[in-house]
Amino acid sequence: MTGSQRIGHENLKLRDPKYVATVERRIAEQSGLAPREIPPMFTPFRIRGLTLKNRVVVSPMAMYSCRDGMPDDFYLVHLGSRALGGAGLVFTEMTCVAARARISPGCAGIWNERQAKAWKRVVDFVHDNTSAKIGLQLGHAGPKGSTQLGWEDADEPLAEGNWPLLAASRVAYGPKNQKPKKMNRKDMDRVRDQFAAAAVRGAACGFDMLELHCAHGYLLSSFICPLTNKRRDEYGGSLENRMRYPLEVFSAIRAAWPQDKPISVRISAHDWAPGGNTPDDAVAIARMLKGAGADMVDVSSGQTTREAKPVYGRMYQTPFSDRIRNEVGIATVAVGNIFEADHVNSIIAAGRADLCALARPHLADPAWTLHAAAQLGFTEIEWPKQYLSGKAQLERNLARAAQMALVA
Ligand SMILES: Cc1cc2nc3c(=O)[nH]c(=O)nc-3n(C[C@H](O)[C@H](O)[C@H](O)COP(=O)(O)O)c2cc1C
């Protein structure tokens, strides 16, 4: 399977069906199934005490629709419908550990018991009505906080009511953004404890997995990225020093989170800017995370500096996941412009990631996974019992369309 996706899983089947059958049987066996031909994306994946039914993840996506950090009915319907839509794992958006940790006034939080109760309702819905698992992404906006909603002037400060910001150094995200306060030891202890308290609340809600957001220029990312971390103490300078605070936070949440449940860490594997982190640094970062007890690295990139010049394309961040998974020996999530079932099958079959997270495709189609299964002719996928007549019709229509295409 080529990295460029010119030859993907389905195409390879046409060229060498026996080879693909052998690969599929092997992946099934490695996933704990009896060896058989099954699209790799529909094999289960086990990590610590968690088993996911397939390899598709609803990537964390901020909905900017909370008031005072409260996830309301919109969140129940939004996350609930995506959990009904067949993905193995559904992530919450970056859920903030304090009111002043938010990106915008619409961001979700888990800094008080009222919010935790509201999240428990979402978690219970997913567990009671679907076979999906649900993960909580925890984060602190740091220097990118106090900004407008995603569909307004995103990343720019509020017209009024701005709150003070914290970061590794006094480096503003852009010309109009506030200069954050450089965190002192007291700030670092307080924020670390806010993360740990949020993890305890998340565990009480029954979330299946935790993800620590260390990407995209937010607080923990501001420590890791050399362009935003200008410190001269033991938290700045070398990569080892820049990782020190994120690792302290990681250790605090690992201690607060149930031992049988996994934690992933989302990183920016490339700053896409001169003097920034590169994929080589990302491999070293992943090694440190693995050493600290992280179970998985969710491999994103960029958004750490406005100077970045990313090179976009299909599956454009997957090469970073590939390197981390195979050089460090840690499970990874690939994300970024993965939008076809064939992309997911090719990535999993080639061992470039363990899971694939899809964000925008799940905004366009909450049932992306169910529809992907139907397109692949994989009829044994479980649909919600309430929707079974839709499954039968879709599969019939797709089979008929395939026949017509053959005749034509
Ligand atoms: C509306 C929206 C909100 C997002 N919010 C978050 C977030 O809260 N946390 C995060 O780590 N990434 C966030 N992302 C990034 C996505 O998780 C994902 O990494 C990115 O969109 C690339 O995947 P895609 O090409 O499948 O959309 C967001 C993306 C979108 C489109």
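This structure is a prediction, so every number in the text was calculated from the model and none was measured. First listed ligand is number 1; within each ligand, the first listed atom is number 1.
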State which residues pass salt bridge (charged side-chain N to carboxylate O under 4.0 Å, His left out) with Arg254; sequence neighbours excluded, sorted by chain then number. Asp295
Taking salt bridge (charged side-chain N to carboxylate O under 4.0 Å, His left out) as the definition, give me every residue that meets it alongside Arg190, ordered by chain and number, with sequence neighbours left out. Asp187
Indicate whether any N or O donor in one side chain lies under 3.5 Å from an N or O acceptor in the other, for Asn177 and Arg306. yes
Look at the aromatic rings of His270 and Trp272 and report parallel, tilted or perpendicular, splitting at 30° and 60°. parallel
Can you tell me which residues line ligand 1 if we count any heavy atom under 4.0 angstrom from one of its atoms, in chain and number order? Ser59, Pro60, Met61, Ala62, Glu93, Met94, Gln137, His213, His216, Arg266, Val335, Gly336, Asn337, Leu358, Ala359, Arg360, Pro361
Cation-pi check, Arg201 onto Trp111 ring (under 6.0 Å, within 45° of axis): no
Check: residues 322-330 side-chain donor-acceptor pairs under 3.5 Å, at least two apart:
from: Asp322; atom 1: OD1; to: Asn326; atom 2: ND2; distance (Å): 2.8
from: Asp322; atom 1: OD2; to: Arg352; atom 2: NE; distance (Å): 3.1
from: Arg323; atom 1: NE; to: Glu327; atom 2: OE2; distance (Å): 2.7
from: Arg323; atom 1: NH1; to: Asp280; atom 2: OD1; distance (Å): 2.8
from: Arg323; atom 1: NH2; to: Asp280; atom 2: OD1; distance (Å): 2.9
from: Arg323; atom 1: NH2; to: Glu327; atom 2: OE1; distance (Å): 3.3
from: Arg325; atom 1: NE; to: Asp354; atom 2: OD1; distance (Å): 3.2
from: Arg325; atom 1: NE; to: Asp354; atom 2: OD2; distance (Å): 2.9
from: Arg325; atom 1: NH1; to: Gly351; atom 2: O; distance (Å): 2.9
from: Arg325; atom 1: NH2; to: Asp354; atom 2: OD1; distance (Å): 3.1
from: Asn326; atom 1: ND2; to: Asp322; atom 2: O; distance (Å): 3.0
from: Asn326; atom 1: ND2; to: Gly351; atom 2: O; distance (Å): 3.1

